[in-house]
Amino acid sequence: MTKRRRATGWWMALALLAITGCARAEDSIWAALVLGTNEHPPKPPPKELAHYAAGLQTVFGYNTFYLLGDRSKKIRKGSEAWIVPTKQVFLKVRCLDRSVSSYTVHLELYVKKQLVVTSEVKFARNVPLYIRGPAWGRGRLVFILEVR
Amino acid sequence: MKNFEEQYTAWLDGVLDGAERTDFEAALPNREAALRDAAEWKTMRGLLRETLVPTAMPHPDFVNNQVLEAIRRDAPSRREPAKIRGWQPVGFLAWTGAALLVLAGALSFLSLSPNEGAPDPDRFISQVIAAHATDPKLGAYAFAAPGGRGAVLWVNDAGYIPANEKIK
């Protein structure tokens, strides 16, 4: 009886591990809409952008960044989503394919309901894509997209 | 130390020794009535011994054998629990676990296998494969972010939103 219980425990543990492995296979795409400006003195970035601040500053030349909104969506092959929908700027994301290490995604950037640019991007996990968006006031809008 | 009932019973049966008997009889509240009870009890005991003789069984060995056989027949079923064949709860759980494991493995294989082959050399790099601006006046360019860990999609002249227009 004890042996049988032990065997059952092993089976259940293995099954749980396998199921957990399957669940891990589904990732999310995180998108953030950021405003970059030059201010004197510069302000520190919010904690959500702390990891990206140096890269943003180098690429876009601004010293202060504000997080206007961020969102996470589950991503899987064939999924489609509007990410960070705002009154002025929209981003449509469709997952074309996935492999063990990356996702291939089709992007559409809309500004004032006009399609501005389409793109196909291959995302590795935890490696961001920065999109230079339209100017707003004295700064510029920047999208950050990352698969997590 | 015997209580009164035990001493009284022993006195009736005549098993009290001399000193004990004398003390007990002296302590009796009504000695005459007690002696009368003792005499009646002796008479009744004698009558019972004479009349209540155990009835002799005609075939005692045969009856004993039958009783012993019946006891032997019943004994194993009491000692060993009945075996239940088929799906027992623990076995069922084990098989369910195994089935779930196989199912999970199959799902993992189906969801991960299509592009699994040689290791992807670009698995740590995000990159823009293609970019196309809808308006020929606009330009869309792609390059790697400084440090290599990141990609940039640079859209030239993607528009201007006045500061007094709300973004959200």
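All values below come from the heavy atoms of this structure, side chains included, with hydrogens, waters and symmetry mates left out.
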Quick one: which residue pairs count as a salt bridge (charged side-chain N to carboxylate O under 4.0 Å, His left out) with a foot in residues 33-42 of chain A, not counting sequence neighbours?
A:E39-A:K43
Check whether more than 12 heavy atoms from other residues, nucleotides or ligands sit under 6.0 Å from atom NZ of A:K112, and answer yes or no.
yes
Scan B:L153, B:V155, B:I129 and name whichever one has a side chain to side chain contact (heavy atoms under 4.5 Å, CB included) with A:S119.
B:L153
Main chain of A:L115, side chain of B:T134: is a donor-acceptor contact present, judged purely on distance under 3.5 Å?
yes
Taking everything shown except A:Q114 itself, do over 12 heavy atoms lie less than 6.0 Å from its CD?
no
NZ-CD1 distance between A:K122 and B:I125, expressed to the nearest 0.5 angstrom
9.0 Å
Pairs where residues 52-74 of chain A contributes a residue and the test ring pair (Phe, Tyr, Trp, His ring centres under 6.0 Å) is met, not counting sequence neighbours:
A:W30-A:Y52, A:F60-B:W154
Does any backbone or side-chain atom of A:V111 lie under 4.5 Å from a heavy atom of chain B? Answer side chain, backbone, both or neither.
side chain
Distance check, rounded to the nearest 0.5 Å: B:H132 atom NE2 versus A:E108 atom CD?
11.0 Å
Is B:Y141 reachable from A:L56 through a run of hydrophobic residues whose side-chain heavy atoms are each under 4.5 Å from the next?
yes
Take B:V152 and A:I131 through the test side chain to side chain contact (heavy atoms under 4.5 Å, CB included) and record every step on the way to the result.
CA-CA 6 Å; B:V152 180; A:I131 303 175; over 6 Å; no
Looking at OH of A:Y130 and OG of B:S126, how far apart are the two atoms once the value is rounded to the nearest 0.5 Å?
10.0 Å
Side chain to side chain contact (heavy atoms under 4.5 Å, CB included) between B:L138 and A:V116, intermediate numbers included:
CA-CA 8 Å; B:L138 306 177; A:V116 173; 3.6 Å; yes
How about CZ on B:F62, more than 12 heavy atoms from neighbouring residues, nucleotides or ligands closer than 6.0 Å, or not?
no
Quick one: are A:L129 and B:Q127 in side-chain contact, heavy atoms under 4.5 Å?
no
Do B:L12 and B:L47 share a hydrophobic cluster, counting only Ile, Leu, Val, Met, Phe, Trp and Tyr and linking them when any side-chain heavy atoms are less than 4.5 Å apart?
no
Counting heavy-atom pairs under 4.5 Å with chain B, the top scorer among A:V121, A:I144, A:N126, A:V142 is A:V121
